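Here is the structure we will look at.
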Amino acid sequence: MLQHTMTKRKTLIIACFGIALGLCIGTVLKNYRALEIVKRCNLRPTNLKTPNEIIGLEDEDTIQNSQRNLVFVGVMTAKSFLEGRARAVYDTWGKEVPGRIAFFSSEGSYSEELPVVGLKNVDDRYPPQKKSFMMLYYMYEHYIDRFEWFIRADDDVYMEPDKLERFLRSIDSSKPQFIGQAGKGNSEEFGLLSLEFDENFCMGGPGVILSSETLRRVAPHIPTCLKNLYSTHEDVEVGRCVQKFAGIPCTWNYEMQYILRHNSSGRNAYTGKLKRKEIHNAITLHPIKQAPLMYRLHSYIQGLKAEEMRQESLLLHRDIKRMAKYLEVPDDSTYMLPSVSPDSDSGKRHFQDHNILGISPELNKFVPGSTDDLLDWSFIARSLYSASSANPKQKIDSSMREGLEDVITEVMENINNYSRQRGRVIEFRELLYGYHRLDSLHGQDLILDLLLIYKKYRGKKMTVPVRRHLYVQRAFTGIFVKEFDEDFYNVTLQQSLLGSILHSGMARLSSHFTMASGLLPQAEDKIVFVLPISGRLGTFERFLRTYERICIKAEQHCDLLVVIFGAPEELGDHLQLLSHLRGRHVYQQVNWIQRSGSFSRGVALDVAARSSYIQPADIILFIDVDMVFEVATLQRVRMHTQRGRQVYLPIVFSQYDPQRRSDGGTGDLPPPIDDENGYFRQFGFGICAIYKSDILDEDINGFDKDITGWGLEDVKFLEKIVRVGTRQQGFLSNTAELPLDYNEAADQWRRLSVFRAPDPTLVHVYHDISCDIQLEAAQYNMCLGTKANSLGSTRLMEQLFYNSRDNFRFIADFNRQKQQQQAR
């Protein structure tokens, strides 16, 4: 009996324990979600900051005593965009807002560096209706009496804080205001937004501006608005709520589409040219979908502000200069020089001297002391005609064209500033012609003849074409000097010398000892000189001396390959020079190829490029026997020649006839590199550096071997390179009928670009040019042009012309006869 009682008691205890355990497990499972939330909260950092601390607002800062309490900007974002778009906004325009900014995201969002507010019971789902309304309610609850204006913005909008401040300070914030780009929906949404015929909404993308009075009226009714949503568009619902409880619609103003700018290009918006009227005039720009584009746009806007500040400083200099005249302050007074002590006895002109920068715009700022000081004007039409260039007719380069566009755009904006009040507008149609010159002290002078269209739309309407002359001076501002803590150039030079010494020293050691590859510097690519030659023994001997001194003795890792034309009995002296050079340097590659028949530079270069003396990884430098060069020349060749990507065509300095130079060609020193002793041959392409693997590309395939004699082979070769450079990627979106590796192979195609730059160390020594009349017409004309360019400088030709009065009589007679013929 006792044993039975003990068994029943034990069973009861086990049952009670099981029931208790089951209740505990059920409770745990029931509250599993709550436990997970608690767990996450314990693992994540807790934002213990107050609303004022999040945005850096002091308790004593109010609308009355602080200039930074004008506007509060609330930016809607998501957790996934905090480190991308949100950071880009904060790093660019966010810190310059004339007030405060905060980023509103879903519950639990947090950032140590950004002012982030995680809205309670809000997630990042789209459309963000609840997030938008709760953000407005958060503004009302914590900041309604601390700011005059409140802005609802997206994280893909760019604002210009300075323009925003000027705009908001011109409007009464004590009245209910609801400002934005008004909309009623697109054609597909017509009738689906539940809007009355007189109702609208402010589009959320470019930003929505609410006065404090508007937010004060609307915010208490936000729960009601959230319970009565008629569409999925949060900006439509916000507009409906404002209309109902504040009694005002979004501003019906045509200019808002330009002030708060929305670009309908989507992800491609603001990816192209930024120098556009819409960017210059807008307060907000939307959308900017990628963070790098936000930084790019901000950098451009900052550049515009820098230009405005420089212009303002220039106007201040002019005001100081004008007032100094009225106050009878002497021009040489030290009180007129900024950053200069009045006690200073320095007689030098300061780089911000008001006597220089304060001169009013006029074309007579520069006063020449003699005819030699006269500034040349360049003529602008469809091309640029300049007396300062060896080639008078040139294409207008991109910088000049952009500068002209800037001047004309700015002038037309100033002309049309008051077009609305005057009832007329003037449009620019065409630049007919113009003149420009550059004064290194004062700036650029422009005289432009413009074709304009005058449109009058008030009163008697008319449209009339008119021509006007525009006189412009783009004045220089002060010089800005940036100092380094150490001598940058000397340090760079020392590093270069140490690197050269280390390279040569390690190379010598490696020839005697086996060294680990990691200890050796990276070997430079070999440069193979390819020289075609026919006759001209003295010039050839000079070239070999230069090559031996620069390439062999200076250990520049070069080879020489000479292609010699002529009969065997005529080449004895040439071969003897090469044999002696090879004998003196037995470890150097000095090779030659003999060719019979008429000289053809194209054939010589093509044969050399295909020879076994040159490896695919070698740089081929096609050179002429008249060239002299330095070690720096070879450094530039290696720097600017890139395998599979870039070909280097240096612009060589070509000497004038020494008998026509000012010094008569006397003296042992080489003539200086200046306009009186030579010119940079812009249209010469004979000197070229390219990898062998690139020149044998199937679309280049070496040189044209059908050209005989002098010239034209370099032009044909350049045309091939340009065609390869313009070859586009062959990517196709539908690759079902193509091999799987097609796109990868297309990406590896060679796209050779041409790099050109003047090289003052690469000099073409003058020699008499004899043009064979048996040449083709194009070759003969090129030869005559080169011969004419090498005679002497433009100034020398001008002096020779003016020194003979017979030239003036000839020109006068020629013009008289021409006028008589036209009169007939």
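Just so we're clear, the structure is a prediction, and the values are computed from it rather than from any experiment. FYI, side chains are in, hydrogens and waters are out, and symmetry mates aren't considered; it's all heavy atoms of this structure. All residue numbers refer to positions in the sequence shown, counting from 1.
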**Asked** Within a reach of under 6.0 Å around CD of Q302, are more than 12 heavy atoms found that belong to other residues, nucleotides or ligands?
**Response**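 It does: Q302 CD has more than 12 such atoms within range.
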Value rounded to 0.5 Å, distance of [atom1] in [X] from [atom2] in [Y]:
{"X": "R422", "Y": "N416", "atom1": "CZ", "atom2": "CG", "answer": "9.5 Å"}
{"X": "E58", "Y": "I55", "atom1": "CD", "atom2": "CD1", "answer": "10.5 Å"}
{"X": "E430", "Y": "L452", "atom1": "CD", "atom2": "CG", "answer": "11.0 Å"}
{"X": "Y454", "Y": "T463", "atom1": "OH", "atom2": "OG1", "answer": "10.0 Å"}
{"X": "I415", "Y": "E427", "atom1": "CD1", "atom2": "CD", "answer": "12.0 Å"}
{"X": "R146", "Y": "M139", "atom1": "CZ", "atom2": "CE", "answer": "15.5 Å"}

**Item:** Member of F245, Y140, F133, Y137 meeting the ring-ring contact (aromatic ring centres under 6.0 Å, His included) criterion with H221
**Value:**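 That would be F245.
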So, are [X] and [Y] salt-bridged, with charged N and O less than 4.0 Å apart?
{"X": "K175", "Y": "E213", "answer": "no"}
{"X": "E278", "Y": "R261", "answer": "yes"}
{"X": "K273", "Y": "E405", "answer": "yes"}
{"X": "R216", "Y": "D145", "answer": "yes"}
{"X": "E413", "Y": "K277", "answer": "no"}

**Asked** Looking at F81, is R85 sitting on its ring face, NZ or CZ under 6.0 Å from the six-membered ring centre and within 45 degrees of the normal?
**Response**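 Yes, a cation-pi geometry holds between R85 and F81.
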Heavy-atom pair of closest approach, residues [X] and [Y]:
{"X": "V425", "Y": "Y457", "value": "N-CE2, 4.2 Å"}
{"X": "P206", "Y": "Q181", "value": "CG-NE2, 3.9 Å"}
{"X": "V75", "Y": "M135", "value": "N-SD, 4.3 Å"}
{"X": "I151", "Y": "L164", "value": "CD1-CD2, 3.8 Å"}
{"X": "I101", "Y": "G94", "value": "CG2-O, 3.6 Å"}

**Prompt:** Just one of D123, D124, D154, D155 clears the salt bridge (charged side-chain N to carboxylate O under 4.0 Å, His left out) bar with K131, so which one?
**Reply:**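 Testing K131 for a salt bridge (charged side-chain N to carboxylate O under 4.0 Å, His left out) against D123, D124, D154, D155 leaves exactly one candidate, D124.
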